[in-house]
2 protein chains.
Amino acid sequence: MRTLEHPRTEDLQLDAVLSALADPIRRTIVRQLADGHADQACIAFALPVGKSTSTHHFRVLREAGVIEQRYQGTAILNTLRAADLEARFPGLLTAVLAAT
Amino acid sequence: MRTLEHPRTEDLQLDAVLSALADPIRRTIVRQLADGHADQACIAFALPVGKSTSTHHFRVLREAGVIEQRYQGTAILNTLRAADLEARFPGLLTAVLAAT
DNA sequence: ACGTTAGTACGATGTTCGTCGTACTACAAG
DNA sequence: CTTGTAGTACGACGAACATCGTACTAACGT
C-alpha cells in the first residue's frame with residue numbers, strides 16, 4: 001500500500017494553511033468536504049482544471065494539513081481535518097467556511 | 001491632500017484577505033496594529049525589508065481592506081479595520097490573530 | 001493476462017510575488 | 001528657500017505558483 005505524508009497536528013503552520021485556503025479552487029474542495037461529502041475520491045469534485053493540476057491542489061491541501069488522504073484501491077479518499085485544524089487554529093476553518 | 005483607495009466593507013474579498021494574511025511580514029504588521037499600536041506610521045514597524053518592499057506590503061493590506069491608511073503630514077497613519085473585517089468575515093481576523 | 005480506473009511524475013510555460021535600489025514627490029520645519 | 005522626513009514610482013530580478021499534456025504506475029474487475 002502506498003502511503004501519503006501528513007503533517008502532525010502540532011506541526012501545522014499558519015502560513016501553509018492560509019496559503020492553501022487562499023486559492024479559490026482549493027476552497028471549493030474544502031467546502032465540498034465540509035458539506036458532508038467526506039471520503040470522496042479526487043475525481044468526484046468536478047474541478048475546472050486538468051487532472052495533474054487537480055493532483056497538485058490536493059497535494060497542497062494535504063501538505064498544509066487541511067485534508068487527510070488515504071488510498072482505497074485506485075482511488076484516494078479525502079477527508080477534512082476539521083478537528084485537527086480546530087485544535088491548532090481555533091475558529092479559523094469555521095470562519096473561512098462561513099465566509100465562502 | 002493625497003487620498004488612498006480603500007475597498008468598502010461589503011466589497012471585501014476573501015481571496016484578497018486570505019492572501020494578504022498569508023504573508024508573515026504582513027501578519028507582523030497586523031499583529032502590531034492589533035496590539036494597541038494603532039495610528040502608527042509605516043516607518044514605526046521596523047520590518048526586516050527595504051523601504052519600497054515595506055510600501056508594497058502596506059499597499060497589499062490596504063487594497064485587501066485589512067488596514068486603513070490616511071495621510072498626516074508626510075506620514076501615513078495605519079489602522080486595523082477590525083470591525084469591518086468582523087462584519088464581513090466574522091471570526092476570521094480573531095482566529096488569525098489568536099494563531100499568530 | 002488484459003483492459004480500465006485513479007492518480008502521479010515530469011517537464012514546460014506564463015504569471016504573480018517578494019525583494020531590491022534609485023530616483024522622485026509631498027509635506028513640514030527652520 | 002532649503003533641508004529633512006515619509007512614503008511612492010519604476011524597473012529589474014529570481015523564486016514560487018497555477019496550469020497543461022504526455023507518459024507512467026498501482027490497484028481493481030473480468
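Bear in mind the structure is a predicted one, so any value in this text is a computation, not a measurement. Within every chain, numbering begins at 1; the chains are lettered A, B, ... in the order of the sequence lines, protein sequences first and strands thereafter.
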(request) Run the numbers on B:T94 and B:E86 for side chain to side chain contact (heavy atoms under 4.5 Å, CB included), then give the verdict. (result) CA-CA 8 Å; B:T94 310; B:E86 180 63 23; 3.8 Å; yes
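Taking a cutoff of 4.0 Å between a charged side-chain nitrogen and a carboxylate oxygen, A:R88 and A:D11 do not qualify as a salt bridge. A salt bridge between B:R31 and B:D35 is present, with a side-chain N of the basic residue lying under 4.0 Å from a carboxylate O of the acidic one.
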(message) At under 4.0 Å between heavy atoms, how does the protein contact nucleotides 4-18 of chain C? Give one character per nucleotide, 5' to 3', with B, S or -.
(response) -BSBBB--------S
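Separating the CD atom of A:Q72 from the P atom of D:dA26 is a distance of 19 Å, rounded to the nearest angstrom. C:dT19 atom C1' lies 13 Å from atom CG of B:L47, rounded to whole Å.
The shortest distance between side-chain heavy atoms of A:L33 and A:V66 does not fall below 4.5 Å. Counting heavy atoms from C-beta on, the side chains of B:L92 and B:L14 come closer than 4.5 Å.
In the displayed structure, B:E5 atom CD is contacted under 6.0 Å by at most 12 heavy atoms of other residues, nucleotides or ligands.
A heavy atom lying under 4.0 Å from DNA chain D marks none of the residues of residues 27-35 of chain B.
With no hydrogens or angles considered, a side-chain donor-acceptor pair links B:N78 and B:Q69 at under 3.5 Å.
A distance of 6.5 Å separates CZ of A:R70 from CD of A:Q72, quoted to the nearest 0.5 Å.
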